[in-house]
Amino acid sequence: IMEVFTIAITGRNRNPVVGKIRLSESPERCIHFCSLHTTPHQSVRNAQLRAQQIRDVVDTLRPLSLPFIIAGDLNLY
């Protein structure tokens with residue numbers, strides 16, 4: 001593990017945690033793993049909030065120019 005950080009997302013106090021993992025001895029071969037728990041409960045409002053929370057993570061990780069994986073309880077009903 002090269003780095004660990006959290007990301008602020010819309011509507012949650014529990015921020016996702018991201019780990020930057022080196023895949024080989026080469027420092028440029030890395031990936032970000034994000035553990036995300038989105039807002040639960042089925043409703044139109046919460047579905048929109050979950051989509052925004054996932055977008056928040058993508059919008060934060062995409063500019064870092066490394067591959068990333070978002071995993072966890074995404075509550076995708």
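We're numbering straight along the sequence, starting at 1.
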For residues 51-58, run the donor-acceptor check on the side chains, cut-off 3.5 Å, and write out each pair with its distance to 0.1 Å, sequence neighbours left out.
{"from": "Q52", "atom 1": "OE1", "to": "R55", "atom 2": "NH2", "distance (Å)": "3.0"}
{"from": "Q52", "atom 1": "NE2", "to": "D56", "atom 2": "OD1", "distance (Å)": "2.6"}
{"from": "Q53", "atom 1": "OE1", "to": "T39", "atom 2": "N", "distance (Å)": "3.0"}
{"from": "Q53", "atom 1": "NE2", "to": "T10", "atom 2": "O", "distance (Å)": "2.9"}
{"from": "Q53", "atom 1": "NE2", "to": "T39", "atom 2": "OG1", "distance (Å)": "2.9"}
{"from": "D56", "atom 1": "OD2", "to": "T10", "atom 2": "N", "distance (Å)": "2.7"}
{"from": "D56", "atom 1": "OD2", "to": "T10", "atom 2": "OG1", "distance (Å)": "2.7"}

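- Evaluation of the side-chain contact (heavy atoms from CB on, under 4.5 Å) rule for Q48 yields V44 as partners, not counting sequence neighbours.
- Contact annotation: the side chain of C34 approaches that of P16 to within less than 4.5 Å [non-hydrogen atoms, C-beta and beyond].
- Within the 4.5 Å cutoff, the side chain of L74 has heavy atoms near those of the L36 side chain.
- Under the side-chain contact (heavy atoms from CB on, under 4.5 Å) criterion, P40 pairs with R12, N75, Y77, sequence neighbours left out.
- To the nearest 0.5 angstrom, T60 atom OG1 is 9.5 Å from F68 atom CZ.
- In plain terms, the two heavy atoms of C30 and M2 that are nearest each other are SG-SD, 3.4 Å.
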Candidate pair T38 and D73, rule side chain to side chain contact (heavy atoms under 4.5 Å, CB included), full reasoning: CA-CA 7 Å; T38 61; D73 189 352; 5.8 Å; no

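- Considering CD1 of I7 and CD1 of I9, their distance stands at 8.5 Å, rounded to 0.5 Å.
- For residues 5-38, every residue pair satisfying the ring pair (Phe, Tyr, Trp, His ring centres under 6.0 Å) rule, not counting sequence neighbours, is listed here: F5-H32.
- A 6.0 Å sphere centred on CD1 of I1 holds no more than 12 heavy atoms belonging to other residues, nucleotides or ligands.
- Here H41 pairs with N46 under the side-chain contact (heavy atoms from CB on, under 4.5 Å) rule; sequence neighbours left out.
- Partners of S65 under the side-chain contact (heavy atoms from CB on, under 4.5 Å) rule, at least two apart in sequence or in another chain, do not exist in this structure.
- How far CZ of R29 is from CG of L66: 11.5 Å, rounded to the nearest 0.5 Å.
- Atom-to-atom distance recorded for L49:CG and S43:OG is 8.5 Å, nearest 0.5 angstrom.
- Here the side chains of V4 and V17 are in contact, with some heavy-atom distance below 4.5 Å.
- Within the model, atoms NZ of K20 and CG of L61 stand 11.5 Å from one another, a figure rounded to the nearest 0.5 Å.
- By the criterion of side-chain heavy atoms lying less than 4.5 angstrom apart, applied directly or through intervening Ile, Leu, Val, Met, Phe, Trp or Tyr residues, L64 is grouped together with V18 in one hydrophobic cluster.
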